[in-house]
Amino acid sequence: MPEGPTLFILQEETTRFVGQHIVSAEGNTTAIDPRELVGQPILSLQAWGKHFIIELPTMALRIHFLLFGSYQIDAHKEGRFKRLGLNMEDGGELNFYACSVKEIDADLDAVYDWSANVMSDTWNPANALKKMRASPDTLVCDALLDQDIFAGVGNIIKNEVLFRIRVHPLSTVGALSAPKLRQMVAEARTYSFDFLRWKKLFVLKANWLAHAKTICPRCNIPFSKGKFGKTQRRAFFCENCQKRYH
DNA sequence: GAAAATGTTATCAT
DNA sequence: TATGATAACATTTT
């Protein structure tokens with residue numbers, strides 16, 4: 001379900017709810033009592049990386065879909081418990097399933113670094129470079145998945161970006177030249193918007209060049225596979241055309 | 001039907 | 001204390 005572009009779509013699809021009051025709420029979340037939400041207006045609905053933030057007068061909620069979460073707008077799933085369901089004053093519904101719900105206590109600006117959100121106008125590539133320069137031994141595969149640096153980048157985007165810029169996932173950040181590192185940062189954003197466009201057209205998977213693929217489309221030789229880095233996520237890469245910098 | 005996967009976090013051990 | 005391994009969660013697809 002997730003990766004930043006998906007959350008971006010969710011945010012786009014729900015803008016009409018901003019300003020509306022919640023007329024009823026339900027769900028099996030233990031983070032909050034859904035009844036607390038009734039009567040409150042939605043102040044904002046925002047996406048930050050893979051987080052969906054619902055801002056209300058008395059609290060903010062963070063929805064995270066993890067690997068399996070899903071949502072329905074003006075519809076619901078049969079035979080599934082809602083983790084959280086909001087019924088709006090215009091009769092619309094916003095339902096979340098199999099996701100993590102968390103209440104955010106502190107001020108949103110204190111919790112979120114808006115410049116790290118790859119899909120946002122507030123994205124700041126210079127900040128990403130600065131964060132990476134602070135830990136040069138980090139593997140590029142870990143850096144791209146680091147939500148403090150590239151909020152919204154997930155495993156698919158990671159694999160596609162590294163293939164596009166011809167960098168081996170086990171390269172270290174510090175071994176990349178300055179232009180190469182800038183290219184990595186730029187491509188993280190560029191590919192995220194390609195992902196967004198393709199997902200909307202239902203052709204995302206058809207446009208994968210590396211992720212879950214077996215043959216390198218550039219070299220026509222088998223891709224290598226591995227589970228690398230702190231999170232041991234799948235890497236698909238070409239030993240021939242993706243250079244290992246270290 | 002087993003296994004794996006677009007992900008994170010809590011908990012326990014070192 | 002900090003880091004690291006492991007489990008836990010929950011759904012859909014192969």
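Order of the sequence lines sets the chain letters (A, B, ...), proteins ahead of strands, with each chain counted from 1. Since the structure is predicted, the reported quantities are computational estimates derived from the model, not experimental observations.
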Please check the phosphate of B/dA4 (OP1 and OP2 only) for any side-chain N or O of A/R234 closer than 4.0 Å. no

All pairs passing side-chain hydrogen bond (donor to acceptor under 3.5 Å, both in side chains) where residues 203-221 of chain A contributes a residue, at least two apart: A/N159-A/H211

The dot-bracket string of DNA chain C, counting Watson-Crick and G-U wobble pairs with both distances under 3.5 Å, using [ ] for crossing pairs and | for pairs to another strand, is .||||||||.||||

Set out, line by line, the N/O atom pairs under 3.5 Å between protein and nucleotides 1-8 of chain C.
none

Interatomic distance where CZ belongs to A/F150 and P belongs to B/dT6 [whole Å]: 19 Å

Do the side chain of A/Q40 and the main chain of A/T58 share a donor and acceptor less than 3.5 angstrom apart? yes

Could you pull out the protein-nucleic contacts involving nucleotides 11-13 of chain C (nitrogen or oxygen on both sides, under 3.5 Å)?
unit_1 : atom_1 : unit_2 : atom_2 : d
C/dT12 : OP1    : A/K77  : NZ     : 3.2
C/dT12 : OP2    : A/R80  : NH2    : 3.3

Hey, are the side chains of A/I221 and A/I215 touching, using non-hydrogen atoms and a 4.5 Å cut-off? no

Mind checking salt bridge (charged side-chain N to carboxylate O under 4.0 Å, His left out) for A/E55 and listing every partner two or more places apart, or none if nothing turns up? none

Under 3.5 Å, side-chain donor or acceptor atoms of residues 112-122 of chain A against the rest of the protein: list the pairs with distances, not counting sequence neighbours.
unit_1 : atom_1 : unit_2 : atom_2 : d
A/Y112 : OH     : A/H51  : ND1    : 2.9
A/D113 : OD1    : A/S115 : N      : 3.0
A/D113 : OD1    : A/S115 : OG     : 2.7
A/D113 : OD2    : A/K131 : NZ     : 2.7
A/W114 : NE1    : A/D109 : OD1    : 2.8
A/S115 : OG     : A/N127 : ND2    : 2.8
A/N117 : OD1    : A/G49  : N      : 3.2
A/N117 : ND2    : A/A47  : O      : 3.0
A/S120 : OG     : A/T122 : N      : 2.8
A/S120 : OG     : A/T122 : OG1    : 2.6
A/T122 : OG1    : A/W114 : O      : 2.8

Rounded to whole angstroms, how far apart are NE2 on A/H211 and P on B/dA5? 9 Å

Expressed as a whole number of Å, how far does the P atom of B/dA4 sit from that of C/dA7? 15 Å

Show every ring pair (Phe, Tyr, Trp, His ring centres under 6.0 Å) that has at least one partner inside residues 157-182 of chain A, sequence neighbours left out. A/F163-A/F223, A/H168-A/F237

Pairwise side-chain contact, A/L129 with A/L181, heavy-atom cut-off 4.5 Å (strictly under): yes

Say you pick atom C1' in C/dT11 and the same atom in B/dG1; how far apart are they, in whole Å? 15 Å

Does OP1 or OP2 of B/dA4 have a side-chain N or O of A/K227 closer than 4.0 Å? no

Less than 4.5 Å apart, side chain to side chain, heavy atoms only: is that true for A/E36 and A/L56? no

Sorted by first residue and then second, give each side-chain hydrogen bond (donor to acceptor under 3.5 Å, both in side chains) pair with at least one member in residues 144-157 of chain A; sequence neighbours left out. A/N155-A/K158

Side chains of residues 11-23 of chain A: which donor-acceptor partners sit under 3.5 Å, not counting sequence neighbours?
unit_1 : atom_1 : unit_2 : atom_2 : d
A/E12  : OE1    : A/K200 : NZ     : 2.9
A/E13  : OE1    : A/Y71  : OH     : 2.8
A/T14  : OG1    : A/L10  : O      : 2.9
A/T14  : OG1    : A/Q11  : O      : 3.2
A/T15  : OG1    : A/E12  : O      : 3.3
A/R16  : NE     : A/D90  : OD2    : 3.0
A/R16  : NH1    : A/D74  : OD2    : 2.9
A/R16  : NH2    : A/D74  : OD1    : 3.3
A/R16  : NH2    : A/D74  : OD2    : 3.2
A/R16  : NH2    : A/D90  : OD2    : 3.3
A/Q20  : OE1    : A/E89  : N      : 3.4
A/Q20  : OE1    : A/D90  : N      : 3.0
A/Q20  : NE2    : A/R16  : O      : 3.0
A/Q20  : NE2    : A/D90  : OD2    : 3.1
A/H21  : ND1    : A/E89  : OE1    : 2.9

Is it true that atom CZ of A/F193 has more than 12 heavy atoms of other residues, nucleotides or ligands lying nearer than 6.0 Å? yes

Every protein N/O within reach of nucleotides 8-14 of chain B N/O, cut-off under 3.5 Å:
unit_1 : atom_1 : unit_2 : atom_2 : d
B/dT8  : OP2    : A/K50  : NZ     : 3.4
B/dT9  : OP1    : A/R62  : NH1    : 3.0

Side-chain heavy atoms of A/H64 within contact of A/K50, under 4.5 Å: yes

Closest non-hydrogen contact found for A/F150 with A/A143 is CD1-O, 3.1 Å

Review item, side-chain donor-acceptor pairs of residues 239-246 of chain A, under 3.5 Å, at least two apart:
unit_1 : atom_1 : unit_2 : atom_2 : d
A/Q242 : OE1    : A/C238 : N      : 2.8
A/Q242 : NE2    : A/L162 : O      : 3.2
A/Q242 : NE2    : A/V167 : O      : 2.9

Quickly work out the A/F195 CZ to B/dT6 P distance and round it to whole Å. 11 Å

For A/Y191 and B/dT6, give me the distance from atom OH to atom P, rounded to whole Å. 12 Å

Distance-only, no hydrogens or angles: does the A/Y97 side chain make a donor-acceptor pair with backbone N or O of A/K77 under 3.5 Å? yes

Do A/T172 and A/P136 have side chains that get closer than 4.5 Å, going by heavy atoms? no

For DNA chain B, determine which residues of residues 155-172 of chain A have any heavy atom closer than 4.0 angstrom to one of its atoms, and list them numerically. A/N155, A/I156

